[in-house]
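So the structure is just underneath, and the comments pick up after that.
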Amino acid sequence: MAYKDLREFIDELEKRNLLKRIKIPVDAELEITEITDRVSKLPDERNVALLFENVRGYDMPVITNMFGSYERMALALGKEKLDDAADDIKEILQLPYISFKRRMNVLSILSTAHKAINFPKYVRNAPCQEVVEENPDLNKIPILKCWPGDGGAFVTLPLVFTKNPATGKRNVGMYRLQKFDSTTTGMHWHIHKNGAENFRDAKSGGAERIEVAVAIGTDPVVTYAATAPLPRDIDEMVFAGFLRHKSVELTKCKTVDLEVPATAEIILEGYVSTDELRREGPFGDHTGYYSLADDYPVFHVTCITHRKNPIYAATVVGKPPMEDCYMAKATERIFLPLLKQIIPEIIDINMPLEGVFHDCIIVSIKKSFPMQARKVMHALWGMGQMMNVKMIIVVDAHVDVQNLSEVAWRVFNNIDAEHDLEIVHGPLDVLDHSSPMAKWGAKLGIDATKTWPEEGHSREWPEEISMPPEVKSRIDFVWKSLEL
């Protein structure tokens, strides 16, 4: 299903007992974070979304932890299971492989492909503009200060809309915003991000500013789409339409030449100056450490529009598992079919929650030639945001990469430290705190596949312990009777 807005998603979560309303007074500084952090570490049955209805000093409720479990992340995408999120992509990708015998399948696949292209629909009288504040005041919004060492309060779930000044193409990214005062924030777009590229293009073209709009509290698929690692020229709102099987409704901003989700709770309109930087941070980040303060562009808010009685949507990041980890798992599942199309030997991948997006990827492959694991490592490091991955572990096809115990056993037992480790240098995530150099450093590949003689292994590889299928079959009946 496609949720028309955040409120409909909240209703669905509540109907399924996956949301808790918190009516006792809480503070936007530290207290909401502490509660959210504790809940995010609970077992699944107690880990729920949180709607804080009584935030001290504010009239606006705050929702956190919406996506903070496999179940809620799947529901956010309109699915019952996270693996189902890639079904449409899988079906469309069958098209090049339709044989003569299966030619009738083309009709169903083309039908799916046709339905998938849902361009944005432009509307007037949008809910996000029910109230227009031409004298904006960010102090009315319960922006969270999450951790004690943070440089201030941060908008943590913003959808930042810009256009490339040369092409006019829209980009939507999620870049944190530190509130400096009632009308300005930092704009934390990293050097590798498309929003930063639009900013650089505006500056190199001589523009004094680039227009920006920020949407807060959109329908869950639109929120997720802003985090997706899409190629440069794919519109995030078209991608959201593909995922939700329905066009995203956009409306023209009041003061800038940008379109934003019509059913968003809050819209910040304004601009970023191309010649102004201000110290931003520190910020308690998803790595579990504080990212350092640095100079970033400044976002000037010139107008705020919002729904009547808006809900402020926020996320809290820190030591995993937390909400952003499950958004990363959605990316893993959705983009796996495309990844397998590019690197066909891949069977499955796992981005462990502990790896916080970019620190570790485990991949299983169907190995058919020597050093193939190395080939896969370098192919992954050459793909978009995969360039930031610090560790890639490659295992054989029969290994369940979702079972970390099995993967650990394979790695601990299968590698020869002299021959099976691949150390390379290249870009790293801006938030990486462990590299001695900013934005780049060393990365590790671990080949935990069975080593072949052609790969220089002179000893005979022993046979793996396993039970014959006929014995397993005979014991199946006995096993059931044991009721263990």
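For clarity, every value in this text was computed on a predicted model and none was experimentally measured. All residue numbers in this chain count up from 1 along the given sequence.
More than 12 heavy atoms of other residues, nucleotides or ligands shown are found within 6.0 angstrom of OH on Y58. Atom CG of N309 sits in a sparse spot, with 12 or fewer heavy atoms from other residues, nucleotides or ligands closer than 6.0 Å. Shown here is R209, whose CZ atom has no more than 12 heavy atoms of other residues, nucleotides or ligands within 6.0 Å.
A search for side-chain contact (heavy atoms from CB on, under 4.5 Å) contacts involving Q402 returns K329, E332, R333, D348, N350, D400, not counting sequence neighbours. Qualifying side-chain hydrogen bond (donor to acceptor under 3.5 Å, both in side chains) partners for D295, counting only residues two or more places apart in sequence or in other chains: R279. Residues satisfying the side-chain contact (heavy atoms from CB on, under 4.5 Å) criterion with V132, sequence neighbours excluded, are E134, K254, C303, T305. Remark: K41 pairs with D37 by the side-chain hydrogen bond (donor to acceptor under 3.5 Å, both in side chains) rule, at least two apart or across chains. For N17, the side-chain hydrogen bond (donor to acceptor under 3.5 Å, both in side chains) criterion is met by no residue, not counting sequence neighbours. Among residues two or more places apart in sequence or in another chain, the ring-ring contact (aromatic ring centres under 6.0 Å, His included) test is passed with H188 by H190, Y296. A search for ring-ring contact (aromatic ring centres under 6.0 Å, His included) contacts involving F119 returns nothing, not counting sequence neighbours. Qualifying side-chain hydrogen bond (donor to acceptor under 3.5 Å, both in side chains) partners for K375, counting only residues two or more places apart in sequence or in other chains: E345. The side-chain contact (heavy atoms from CB on, under 4.5 Å) test applied to R278 returns F180, D181, T184, E276, V298, not counting sequence neighbours. In this structure S291 satisfies the side-chain contact (heavy atoms from CB on, under 4.5 Å) test together with R176, F283, D285, L431, sequence neighbours excluded.
Under 4.0 Å is where a charged nitrogen must lie from a carboxylate oxygen, and between K169 and D235 no such pair does. Electrostatic pairing of K203 and D275 does not count as a salt bridge here, judged by no charged N lying under 4.0 Å from a carboxylate O. The pair R307-D5 meets the salt-bridge criterion, with a side-chain N (NZ, NE, NH1 or NH2) lying under 4.0 Å from an Asp/Glu carboxylate O. A salt bridge links K23 with E53; the closest basic N to acidic carboxylate O contact falls under 4.0 Å. Between E12 and R16 there is a salt bridge, since at least one side-chain N of the basic residue sits less than 4.0 Å from a carboxylate O of the acidic one. Classification of K4 and D219 as a salt-bridged pair fails, no side-chain N sitting under 4.0 Å from a carboxylate O.
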Which is it for V424 and W381 under the side-chain contact (heavy atoms from CB on, under 4.5 Å) test, yes or no, and what are the steps along the way?
CA-CA 10 Å; V424 300; W381 278 320; 3.6 Å; yes

I would like to know whether F199 and W189 meet ring-ring contact (aromatic ring centres under 6.0 Å, His included); could you show each step before the answer?
CA-CA 9 Å; F199 171 78; W189 43 37; 5.6 Å; yes

Working note: H306 + Q129, criterion side-chain contact (heavy atoms from CB on, under 4.5 Å); need CA distance, chi angles, decisive distance, verdict.
CA-CA 5 Å; H306 59 79; Q129 296 173 344; over 6 Å; no

From CA spacing to verdict: salt bridge (Lys or Arg N to Asp or Glu O under 4.0 Å), K81, E71:
CA-CA 7 Å; K81 296 184 300 181; E71 181 179 10; over 6 Å; no

What do the steps show when you test V26 against N54 for side-chain contact (heavy atoms from CB on, under 4.5 Å), and what is the final call?
CA-CA 6 Å; V26 291; N54 190 353; over 6 Å; no

Give the intermediate values and the outcome of salt bridge (Lys or Arg N to Asp or Glu O under 4.0 Å) for residues R170 and E259.
CA-CA 9 Å; R170 172 174 39 236; E259 299 81 29; 3.4 Å; yes

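Taking the side chain as every heavy atom from C-beta outward, R232 and N194 approach each other to under 4.5 Å. A 4.5 Å side-chain heavy-atom check between L157 and I216 finds every atom pair outside the cut-off. Looking at V212 and V160, their side chains come closer than 4.5 Å, going by heavy atoms from C-beta outward. Side-chain contact check for L138 versus I304: some heavy-atom pair is nearer than 4.5 Å. At least one side-chain heavy atom of I10 sits under 4.5 Å from a side-chain heavy atom of L19. Put simply, the side chain of C146 does not reach to within 4.5 Å of the side chain of F154, judged on heavy atoms. Inter-residue side-chain proximity for L339 and L380 is flagged as met; some heavy-atom pair is nearer than 4.5 Å. Contact check for T36 versus L50: side-chain heavy atoms found under the 4.5 Å cut-off.
In summary, the side chains of N139 and K179 do present a donor paired with an acceptor at a separation below 3.5 Å, with no hydrogens or angles considered. In this structure, a donor-acceptor pair under 3.5 Å is present between the side chains of Y224 and T331. A donor-acceptor contact under 3.5 angstrom links the side chains of E269 and T255, judged on distance only. Under 3.5 Å, the side chains of R72 and N47 contain a donor-acceptor pair of N or O atoms.
The aromatic rings of F239 and F242 lie parallel to each other, their planes meeting at an angle below 30°, with 60° marking the opposite boundary.
Not a single donor-acceptor pair under 3.5 Å links the side chain of E249 to the backbone N or O of P261.
With rounding to the nearest 0.5 Å, the separation of CE in M391 from SG in C360 is 5.5 Å. Atom-to-atom distance recorded for I22:CD1 and I63:CD1 is 10.5 Å, nearest 0.5 angstrom.
Applying the side chain to side chain donor-acceptor pair (under 3.5 Å) definition to pairs two or more places apart or across chains, those involving residues 149-162 are T162-N198.
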Donor-acceptor contacts under 3.5 Å from residues 310-319 side chains, at least two apart:
residue : atom : partner : partner atom : Å
T315    : OG1  : E323    : OE1          : 2.8

